[in-house]
Amino acid sequence: MVEERTTCVVVGGGPAGMVLGLLLARAGIAVTVLEKHADFLRDFRGDTVHPSTIQLLDELGLGERFARLPQSRLSQIAFPVGDGESVVVGDFRRLSAPFPYVAMVPQWDLLNLLADAAAEEPGFSLRMNTEVTGLLRDGHTVRGVTYRDPDGRAGELRADLTVGCDGRWSVARRAAGLVPVEYPVPIDAWWFRLPLLPGDDVAALAPAAAPGRFAVPIPRTDYFQIAYVARKGTDAAIRARGVAAFRRDIAELIPWAADRVDSLASMDEVKHLDVRLNRLPRWHRDGLLCIGDAAHAMSPVGGVGINLAVQDAVAAATLLAGPLKAGKLTPAVLASVRARRLLPTVAAQRLQRLLHRVLVTPILDGRRAGPPRPVLSALRRVPALSVVPAYLIGVGLRPEHAPSFARR
């Protein structure tokens with residue numbers, strides 16, 4: 001068995017893991033990121049890069065590289081209200097931010113950018129196709145991980161700190177005995193693509209709602225990524241009806257897409273997301289910290305999951321870099337990450353639960369075809385109110401900024 005050592009091992013090479021690895025490496029800390037997949041090429045991952053995350057990338061000296069990535073930019077969220085009219089419910093252009101838009105970027109491009117930047121730091125190592133299988137312990141203290149390398153060989157990587165960034169089904173979290181509190185979620189989501197044609201509006205997000213159905217067409221550089229939302233537990237029934245029935249449903253819900261639904265060849269192209277909303281009461285054990293989806297799984301409503309995960313990573317690097325370098329990492333220091341990130345996490349999850357209750361569920365029940373009328377009336381009378389949803393989605397209650405040691 002191969003036995004090695006590093007200062008920090010990060011489990012999972014998603015947005016939180018790659019940002020954390022980059023920041024700690026720029027602090028001069030030896031950090032190894034273990035990613036179980038052979039590459040980052042996976043469809044229908046969270047691809048929204050919010051204004052606060054774009055600003056972070058700019059602070060890290062990566063703004064120009066990010067701007068060169070293929071991307072579409074969303075400046076508004078607008079709900080159709082009939083007769084060809086729509087009401088803007090979130091206007092990112094009203095934000096006092098250097099990047100007042102949401103960039104839609106394939107997540108693999110963002111992760112490759114972060115990996116390339118981190119590779120420039122001498123203390124950084126990224127190991128692909130390396131699956132973490134468990135934790136190493138010394139009494140009650142986590143001392144690293146066990147893993148399986150690309151050739152199937154077992155190994156041990158000892159570390160002063162292990163960080164679980166491996167998503168809502170986190171192996172690190174489960175091995176540590178950390179159990180999240182689950183909140184009821186009434187919905188699941190189904191993702192698929194439809195062609196983008198000349199003349200399509202790619203600057204606004206326009207959800208399509210009808211009694212019993214709800215969809216969000218997300219414009220990308222050369223296609224629409226569609227989120228179809230329905231009741232939790234209905235995946236088998238939706239698939240049993242077949243692709244022809246599914247195409248009809250989409251054409252009725254999104255009339256402008258009726259001329260392109262035939263591009264959906266089979267239900268194999270429709271990917272099901274089992275939506276979860278949960279949060280760990282405690283994000284750490286001695287020697288271990290969980291952040292991002294490993295600490296708090298988010299609903300896709302609002303698309304804030306990546307934003308929160310990245311900000312968790314920035315907060316963790318800011319708080320932990322000094323103690324790690326000094327060899328003075330304590331459980332109290334690890335607990336300080338949760339203390340710093342708890343308010344924005346709880347606020348985002350409560351907002352999502354509220355939107356499930358007052359927006360999504362009434363639509364799926366057939367009681368309404370859009371946001372509550374008082375909300376739409378208020379936004380019509382005072383359009384400036386659209387900055388509030390834009391801020392909550394695009395920036396959040398406690399935006400994190402790059403620590404001085406990581407800026408370039």
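Along the sequence shown, the residues carry numbers beginning at 1.
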Hey, are Gln107 and Asp47 close enough side-chain-wise for a donor-acceptor pair under 3.5 Å?
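Distance-only check fails for Asp47 and Gln107.
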
Closer than 3.5 angstrom, by distance alone: can the side chain of [X] be matched with the main-chain N or O of [Y] as a donor-acceptor pair?
{"X": "Thr32", "Y": "Ser125", "answer": "no"}
{"X": "His50", "Y": "Gly303", "answer": "yes"}
{"X": "Gln349", "Y": "Asn278", "answer": "yes"}
{"X": "Arg220", "Y": "Asp222", "answer": "no"}
{"X": "Thr234", "Y": "Lys232", "answer": "no"}
{"X": "Asn307", "Y": "Val304", "answer": "no"}
{"X": "Arg65", "Y": "Leu57", "answer": "no"}
{"X": "Asp151", "Y": "Arg153", "answer": "no"}
{"X": "Ser336", "Y": "Val333", "answer": "yes"}
{"X": "Arg276", "Y": "Ala297", "answer": "no"}

What I'd like to find out is whether the side chain of [X] reaches to under 4.5 Å of the side chain of [Y], using heavy atoms alone.
{"X": "Ile29", "Y": "Leu320", "answer": "no"}
{"X": "Val301", "Y": "Ile187", "answer": "yes"}
{"X": "Val171", "Y": "Glu131", "answer": "no"}
{"X": "Leu110", "Y": "Phe66", "answer": "yes"}
{"X": "Leu113", "Y": "Leu69", "answer": "yes"}
{"X": "Pro383", "Y": "Asp91", "answer": "no"}
{"X": "Lys36", "Y": "Asp166", "answer": "no"}
{"X": "Pro70", "Y": "Val105", "answer": "no"}

Going through the checks in order, is the side chain to side chain contact (heavy atoms under 4.5 Å, CB included) test met by Thr53 and Val19?
CA-CA 11 Å; Thr53 303; Val19 169; over 6 Å; no

Show the nearest heavy-atom pair for residues [X] and [Y], with the distance to one decimal.
{"X": "Ala265", "Y": "Val243", "answer": "O-CG1, 4.0 Å"}
{"X": "Arg279", "Y": "Trp283", "answer": "CG-NE1, 4.4 Å"}
{"X": "Phe92", "Y": "Leu74", "answer": "CD1-O, 3.8 Å"}
{"X": "Val261", "Y": "Leu194", "answer": "CA-CD2, 4.0 Å"}
{"X": "Gly17", "Y": "Val33", "answer": "O-CG2, 4.1 Å"}
{"X": "Ala16", "Y": "Cys165", "answer": "C-SG, 4.2 Å"}

Taking only residues two or more places apart in sequence, or in another chain, which ones meet [X] in a side-chain hydrogen bond (donor to acceptor under 3.5 Å, both in side chains)?
{"X": "Arg94", "result": "Ser386"}
{"X": "Arg168", "result": "none"}
{"X": "Thr146", "result": "Thr133"}
{"X": "Gln352", "result": "none"}

[X] side, atom [atom1]; [Y] side, atom [atom2] - distance, nearest 0.5 Å:
{"X": "Phe192", "Y": "Glu269", "atom1": "CZ", "atom2": "CD", "value": "10.5 Å"}
{"X": "Leu23", "Y": "Glu400", "atom1": "CG", "atom2": "CD", "value": "11.0 Å"}
{"X": "Arg143", "Y": "Leu135", "atom1": "CZ", "atom2": "CG", "value": "12.5 Å"}
{"X": "Ile306", "Y": "Thr48", "atom1": "CD1", "atom2": "OG1", "value": "5.0 Å"}
{"X": "Leu319", "Y": "Leu334", "atom1": "CG", "atom2": "CG", "value": "10.0 Å"}

Please step through salt bridge (Lys or Arg N to Asp or Glu O under 4.0 Å) for the pair Asp268 and Arg239, ending with a clear verdict.
CA-CA 9 Å; Asp268 291 340; Arg239 294 185 184 281; 5.5 Å; no

Can you name the salt bridge (charged side-chain N to carboxylate O under 4.0 Å, His left out) partners of Arg407, sequence neighbours left out?
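If we apply the salt bridge (charged side-chain N to carboxylate O under 4.0 Å, His left out) test to Arg407, skipping adjacent residues, the hits are Glu59.
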
How would you list, by chain and number, every residue that makes a salt bridge (charged side-chain N to carboxylate O under 4.0 Å, His left out) with Arg398, sequence neighbours excluded?
none

Enumerate donor-acceptor pairs with a distance under 3.5 Å from any side-chain N or O in residues 308-316 to protein atoms, sequence neighbours excluded.
{"residue": "Gln311", "atom": "OE1", "partner": "Arg341", "partner atom": "NH2", "Å": "3.4"}
{"residue": "Gln311", "atom": "NE2", "partner": "Ser52", "partner atom": "OG", "Å": "3.1"}
{"residue": "Gln311", "atom": "NE2", "partner": "Val395", "partner atom": "O", "Å": "3.3"}
{"residue": "Asp312", "atom": "OD1", "partner": "Arg341", "partner atom": "NE", "Å": "3.0"}
{"residue": "Asp312", "atom": "OD2", "partner": "Gly292", "partner atom": "N", "Å": "3.0"}
{"residue": "Asp312", "atom": "OD2", "partner": "His296", "partner atom": "NE2", "Å": "2.5"}

Test side chain to side chain contact (heavy atoms under 4.5 Å, CB included) on Leu62 and Arg408; report intermediate values, then the result.
CA-CA 8 Å; Leu62 303 175; Arg408 298 289 186 271; over 6 Å; no

side-chain contact (heavy atoms from CB on, under 4.5 Å) partners of [X], counting only residues at least two apart:
{"X": "Val216", "answer": "Leu205, Pro207, Phe214, Ile218, Ala227"}
{"X": "Arg353", "answer": "Tyr183, Leu277"}
{"X": "Asp286", "answer": "Thr141, Pro331"}

Test of understanding: with ring pair (Phe, Tyr, Trp, His ring centres under 6.0 Å), list the residues that count as partners of Tyr101, not counting sequence neighbours.
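For Tyr101 there are no ring pair (Phe, Tyr, Trp, His ring centres under 6.0 Å) partners, ignoring immediate neighbours.
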
Test Leu359 against Val375 for side chain to side chain contact (heavy atoms under 4.5 Å, CB included), laying out the working first.
CA-CA 11 Å; Leu359 175 63; Val375 173; over 6 Å; no

Parallel, tilted or perpendicular: which one describes the rings of Phe246 and Tyr228, with boundaries at 30° and 60°?
perpendicular

Val102 and side-chain contact (heavy atoms from CB on, under 4.5 Å): which single residue from Ser72, Pro51, Ser75 fits?
Pro51

Result block: side-chain N/O donor-acceptor pairs under 3.5 angstrom for residues 156-164, not counting sequence neighbours:
{"residue": "Asp160", "atom": "OD1", "partner": "Arg5", "partner atom": "NH2", "Å": "2.3"}

I would like to know whether Glu4 and Tyr147 meet side chain to side chain contact (heavy atoms under 4.5 Å, CB included); could you show each step before the answer?
CA-CA 11 Å; Glu4 302 164 281; Tyr147 65 85; 2.7 Å; yes

